[in-house]
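Report on the structure given below.
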Amino acid sequence: MEFKKFGFDTKVAAGVTAAHYTTPTPIQAEAIPLVMQGHDLVGLAQTGTGKTAAFVLPILHRLMKGARGQVRALVVAPTRELAEQIHEAIGALGGRTGLKSVTIYGGVGFNPQVDKLKRGAEIVVACPGRLLDHLKQGTIDLSHLEVLVLDEADRMFDMGFLPDIRKIVKHVPAQRQTLLFSATMPADILRLTREILQAPVKVQVDTSGPASTVSHLLYPVEPHLKTPLLLELLRHTDTESVLIFTRTKHRAKRLEEQLGKAAYRAASLQGNLSQARRQAVMTGFRDGTFQILVATDIASRGIDVTQISHVINYDMPDSPDAYTHRIGRTGRNAKTGDAFTFMTREDEDMVRSIERVLHAKVERCTLDGFDYQKPAPARNTEFARPPRPPQPRRSQPKTAAPRQAAPRQARGKSQQVSGPRSQVSGHR
Ligand code: AMP
């Protein structure tokens, strides 16, 4: 199938060509014609499936006709990063259309957003809290809205945004097209769907498992050996960008420091960073300044870096959904990726749940040459310091070769694991 078949306005079609999209992804092939026909739609699709263009392209096509300078489409997203990505996608795909999009989210100045809105935009991409502030202040007018999109609805629910969403919906015309995208369909989202969508059609793509281009490996390990194992794994693995997940922001920060000490270019993304710092970290990760990003689940929402080659679950996610979301950050857009998950004895139940979702048993691996028996230090901490390099003995000549400090150069060609790598296909 080709994009030509959709019959987009030529200026929208030019954006597709400029973005180098040749074939629609499955969600695009299914959803775009339905959205163009004006249906309300529930898209069950996770990040990485091309869902953004699945709603952006038909919206751009629709807005080519009709009034300019008033807000006619609103996309609500859970995080600033996701809002920025959608805004960027609109800019990339709609570069020739003359349509304007603005982002609205907290953590940055209110008045510059008011100015941007005053200058006129047809599309607003917003996070719920700040959008409500603008609605309360009367600095945004949604009375001409034609299309409402709720993106990553399940994440908005997780983050406690559903009451805000319901308030926002009260400010938009009842006569509208509503599109809701979600990776999962918990009962609360189903209820919301029934409340605010009219006779929606459902399009489902790859919801119950991560992208099939990802291979999954489990590394059973004692908690105190997680950091040494991580460093060993990184040393033995060819990686591009690596995204590591920890359970808490404190653990993310500590791990960033430990990776830094081991000469890796690492940064961490935590909930309490300023917006400017978050953006600097994301830009640094995207352009390769940081090779490793350590993040918590909340802080990682909306990360879209296509060259993530490895997702490493330093700490086990707290649900199969969280696993799917984390792993969805690699193997994007049909690239391959690896997902390594550290597993302690306490994690066994969660692993079984994840395997149920994957419809496959995930292979347990051990790293050859790694000392799994090393006892916990007296002060037992999961953040055991990385093993110190062997210190030169007094009797050794002073000119002994220094230790190779840069893991990037020291990295071998392939990872040495016992047994073949498992290629677990995501259930479709
Ligand atoms: P999304 O799921 O919307 O976050 O998209 C994931 C990635 O796929 C983004 O980097 C998009 O630019 C890219 N993408 C979306 N649609 C296509 C397509 N039809 N062909 C190639 N890449 C695409």
Side-chain angles (χ1 to χ4, degrees), residues 1-8 12-33 35-36 41-61 73 75-95 101 103 123 125 149-156 179-184 203-207 209-214 240-241 243 282-283 285-288 300-309 311 324-337 426 428:
M1 177 165 189
E2 289 181 29
F3 278 95
K4 269 207 298 276
K5 297 222 170 105
F6 298 129
F8 287 136
V12 178
V16 173
T17 310
H20 304 293
Y21 294 176
T22 48
T23 315
T25 65
I27 184 95
Q28 292 163 1
E30 278 196 64
I32 289 173
V35 179
M36 288 175 82
L41 180 128
V42 174
L44 270 162
Q46 64 200 45
T47 312
T49 54
K51 69 181 165 63
T52 314
F55 63 80
V56 166
L57 289 169
I59 288 177
L60 291 170
H61 174 79
V75 184
V76 185
T79 62
R80 303 174 274 206
E81 279 81 16
L82 185 61
E84 279 298 338
Q85 277 161 35
I86 296 166
H87 173 69
E88 277 167 30
I90 294 168
L93 296 168
S101 134
T103 48
I123 308 173
V125 187
V149 182
L150 302 177
D151 197 14
E152 300 207 352
D154 51 352
R155 288 288 146 199
M156 295 209 264
L179 315 173
L180 181 143
F181 289 85
S182 195
T184 57
V203 169
Q204 182 161 358
V205 178
D206 211 12
T207 51
S212 57
T213 46
V214 178
E240 289 178 49
S241 293
L243 179 59
M282 281 312 301
T283 307
F285 189 46
R286 233 175 246 131
D287 68 18
S300 75
R301 305 265 157 80
I303 290 175
D304 180 16
V305 179
T306 38
Q307 73 275 25
I308 293 176
S309 61
V311 167
T324 302
H325 266 273
R326 288 180 179 188
I327 301 316
R329 309 289 163 201
T330 187
R332 306 190 65 168
N333 197 12
K335 288 189 177 181
T336 54
R428 276 161 201 275

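All figures in this text were calculated on a predicted structure; none of them were measured in a lab. Every heavy atom of this structure was used, including side-chain atoms; hydrogens, water molecules and symmetry mates were not. Counting starts at 1 for both ligands and their atoms, following the listed order. Numbers here simply count residues along the sequence, with the first being 1.
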message: I need the atoms of ligand 1 closer than 4.0 Å to a non-hydrogen atom of T23, numbered in the order shown.
response: 18 (C), 19 (N), 20 (N)
Numbered atoms of ligand 1 (with element) below 4.0 Å of F3, judged on heavy atoms: 19 (N)
- prompt: Do any nitrogen or oxygen atoms of G50 come within less than 3.5 Å of a nitrogen or oxygen of ligand 1?
  reply: yes
- request: Identify, by atom number and element, the atoms of ligand 1 in contact range of T52, meaning under 4.0 Å from any of its heavy atoms.
  value: 1 (P), 3 (O), 4 (O)
task: Applying side-chain contact (heavy atoms from CB on, under 4.5 Å), run through M282 and R286 and close with a yes or a no.
output: CA-CA 6 Å; M282 281 312 301; R286 233 175 246 131; 3.9 Å; yes
Parallel, tilted or perpendicular, as decided by the 30° and 60° cut-offs, for the rings of F6 and F3: perpendicular
message: Any nitrogen or oxygen of T22, side chain or backbone, less than 3.5 Å from one on ligand 1?
response: no
- prompt: For ligand 1, is any non-hydrogen atom under 4.0 Å from F181's backbone (N, CA, C, O), its side chain (CB onward), both, or neither?
  reply: neither
task: State which residue, out of I59, I86, V76, fulfils the side-chain contact (heavy atoms from CB on, under 4.5 Å) condition with V149.
output: I59
task: Please examine the side chains of T52 and F181, heavy atoms only from C-beta on, and report whether any two atoms are closer than 4.5 Å.
output: no
Mode of H20 contact toward ligand 1 - side chain, backbone, both, neither (heavy atoms, under 4.0 Å): neither
message: Ignoring hydrogens and geometry beyond distance, is a side-chain donor-acceptor pair present between T103 and H87 at under 3.5 Å?
response: no
- prompt: Rounded to the nearest 0.5 Å, how far apart are OG1 of T49 and CD1 of I27?
  reply: 5.5 Å
